[in-house]
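Remember, predicted model here, so these are calculated numbers, not experimental data. All chains are named by letter (A, B, ...) in the order of the sequence lines, taking the proteins before the strands, and each is independently numbered beginning at 1.
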Protein chains: 2
Amino acid sequence: MSTAEETAGGETSAWGEVTPDAARRLLIAAVEAFAERGYHATTTRDIAGRAGMSPAALYIHYKTKEELLHRISRIGHEKALDILRVAARREGTAAERLADAVSSFVRWHAGGRTTARVVQYELDSLGPDAREEILALRRQCDAEVRGIVEDGVASGEFDVLDVKGTTLAVLSLCIDVARWFNVDGPWTPDEVGALYADLVLRMVGAGK
Amino acid sequence: MSTAEETAGGETSAWGEVTPDAARRLLIAAVEAFAERGYHATTTRDIAGRAGMSPAALYIHYKTKEELLHRISRIGHEKALDILRVAARREGTAAERLADAVSSFVRWHAGGRTTARVVQYELDSLGPDAREEILALRRQCDAEVRGIVEDGVASGEFDVLDVKGTTLAVLSLCIDVARWFNVDGPWTPDEVGALYADLVLRMVGAGK
DNA sequence: GGGCAGACTAAGCGCTCGCTCACCCTCGGC
DNA sequence: GCCGAGGGTGAGCGAGCGCTTAGTCTGCCC
């Protein structure tokens, strides 16, 4: 509720649940480094340095560099799923719920671009087990959005040719915001969220 | 028109212009390796091995590993720009040209997913100079699509709130196909191209 | 104030990386 | 048949990687 949303490096949220203070600082440092240079190009020395610690300190709190990515990825996906769930299960028409889901999901990808980039684009750097765990969360995200689209089709609000394909396109559109969004660019996260909600409603033929 | 589109490793095209035969084999090997594991996780030994050569052979044809990525990126972006230019400059209404641009651009990203993945997602691995050269090509891609959208708005075919934002969303949607498309999945590149052309026409308020 | 647990560091191990170098084939011109 | 050039190789360099280990510092219970 009163969690700090901004740090020097950019956005931050919800890392409050990571409990030893040093472990949290290392995690945030890792998010920033992975987002900037990618997982494989980031060294453990770089992460530790950003957190103001020696390279060895990392291994007191995490077993491997991959465990850092795994933890970041799981927390991030849980947050993303939470956002979509809240929007999908609120009161309102399918159009209202879809617009809510898209605008809040996009706001998260734009405002939390650093985190979202790692979460969405470094999945392949995980080992098979961790990867499969994260993919399960991702399928749940897909199911939440598809549920809204199906509701809209059933109620006649939406006019959609291919529910599965359209759902995928909607999620794809939102996720890719993390790739191109620039905090110094012409839009705020709110503006992109509003624009995208409108575009998505047009995609599902919700009506005028 | 009659260029070979498929190889054992997946899709390939247009690499015919890379002239010493060994250099072309190395380039294709690099595309496959970069697409699978990412630039930084790929070793020069892996690239050379895929091309059936010793690690040292790579340095006869390319100065560094980065030069391989640079060459791949430039050729790929030139191909992408060419696709968009052909669609933008053909005869027809703005809606026809936009649908053509989207469906052919999406087909390239889906069918040539290996190449497209490298081209679209490994840009940050380039040095500043090479990166800037590629970004210039990317801005030209953006301009081609924006031109079609502006034509449609001017002629009254389209109903768009934010031309710049909508153009970005259209390109973003197409590019992200390279991230999720799976050759073993339920759709062919042609089907995704047709679905996306329909979705994009809805986004710009064409027709109906 | 002695002892001990936990957080942290300096130093460095073993390995693999991008890249180089000394050498070796093969082949066309004379 | 000898020569030179260009494409190729095996071995290995210096560097930097992920990670470990021996030891230090700090604070707290008795």
Side-chain angles (χ1 to χ4, degrees), chain A residues 15-73 118 122-131, chain B residues 15-73 118 122-131:
Chain A
W15 304 119
E17 68 183 75
V18 182
T19 36
D21 180 75
R24 182 172 54 253
R25 272 160 47 219
L26 284 164
L27 205 85
I28 293 172
V31 169
E32 289 172 3
F34 292 163
E36 262 176 44
R37 312 138 107 96
Y39 175 77
H40 285 294
T42 298
T43 69
T44 54
R45 285 163 176 83
D46 182 25
I47 297 170
R50 283 172 192 250
M53 303 166 89
S54 78
L58 195 151
Y59 294 91
I60 296 167
H61 301 283
Y62 302 94
K63 247 183 349 213
T64 61
K65 173 177 148 185
E66 193 192 322
E67 191 189 327
L68 269 165
L69 178 60
H70 185 191
R71 283 262 239 278
I72 291 166
S73 211
V118 178
E122 297 291 347
L123 199 122
D124 290 340
S125 303
L126 287 170
D129 292 354
R131 192 183 136 88
Chain B
W15 303 121
E17 67 183 73
V18 183
T19 35
D21 181 75
R24 182 172 54 252
R25 273 159 49 217
L26 284 164
L27 204 86
I28 292 171
V31 169
E32 289 173 2
F34 292 162
E36 263 177 43
R37 309 137 109 97
Y39 175 78
H40 286 294
T42 298
T43 69
T44 54
R45 285 164 175 84
D46 182 25
I47 297 169
R50 283 173 193 251
M53 305 167 88
S54 78
L58 196 151
Y59 294 91
I60 295 167
H61 300 284
Y62 301 95
K63 248 187 341 217
T64 62
K65 175 177 148 186
E66 193 192 320
E67 190 189 328
L68 269 165
L69 178 60
H70 185 191
R71 283 260 241 278
I72 291 165
S73 211
V118 178
E122 297 291 348
L123 197 123
D124 290 340
S125 303
L126 287 170
D129 291 354
R131 192 183 138 88

| Where along nucleotides 10-21 of chain D does protein come under 4.0 Å, by heavy atom, of base (B) or sugar-phosphate alone (S), with - for untouched nucleotides? | B-B----BBBBB

| field | Distance under 6.0 Å and angle within 45° of ring axis: Lys65(A) vs Tyr39(A) | value | yes

| Segment of DNA chain C, first to last nucleotide, that comes within the 4.0 Å heavy-atom reach of chain A | dC8(C) to dG12(C)

| remark: Correct closest heavy-atom pair for Leu69(A) and Val118(A) would be CD1-CG1, 3.7 Å

| message | Taking Asp124(B) first and then Arg37(A), would you say they form a salt bridge - that is, a charged N and a carboxylate O separated by under 4.0 Å? | response | no

| note | Sorted by chain and residue number, the side chain to side chain donor-acceptor pair (under 3.5 Å) partners of Glu66(B) (sequence neighbours excluded) come out as none

| said: I need the full list of ring pair (Phe, Tyr, Trp, His ring centres under 6.0 Å) pairs touching residues 40-72 of chain B, with sequence neighbours left out, sorted by first then second residue. | reply: none

| Once you round it to whole Å, what is the distance between P of dG7(D) and CD1 of Ile60(B)? | 7 Å

| task | Calculate the interatomic distance between His61(B) atom NE2 and dG6(D) atom P; express it in whole Å. | result | 13 Å

| said: Can you tell me how far apart CZ (Arg71(B)) and CG (Leu68(B)) are? Round to the nearest 0.5 Å. | reply: 8.0 Å

Anything under 3.5 Å between a donor and an acceptor, one on a side chain of residues 42-58 of chain A, the other on a protein residue two or more places apart or in another chain? List them.
{"from": "Thr42(A)", "atom 1": "OG1", "to": "Ala33(A)", "atom 2": "O", "distance (Å)": "3.3"}
{"from": "Thr42(A)", "atom 1": "OG1", "to": "Gly38(A)", "atom 2": "O", "distance (Å)": "2.7"}
{"from": "Thr43(A)", "atom 1": "OG1", "to": "Asp46(A)", "atom 2": "N", "distance (Å)": "3.0"}
{"from": "Asp46(A)", "atom 1": "OD1", "to": "Arg50(A)", "atom 2": "NE", "distance (Å)": "3.3"}
{"from": "Arg50(A)", "atom 1": "NH2", "to": "Glu36(A)", "atom 2": "OE1", "distance (Å)": "3.1"}

| Listed by chain and number, what are the side-chain contact (heavy atoms from CB on, under 4.5 Å) partners of Asp21(A), not counting sequence neighbours? | Arg24(A), Arg25(A)

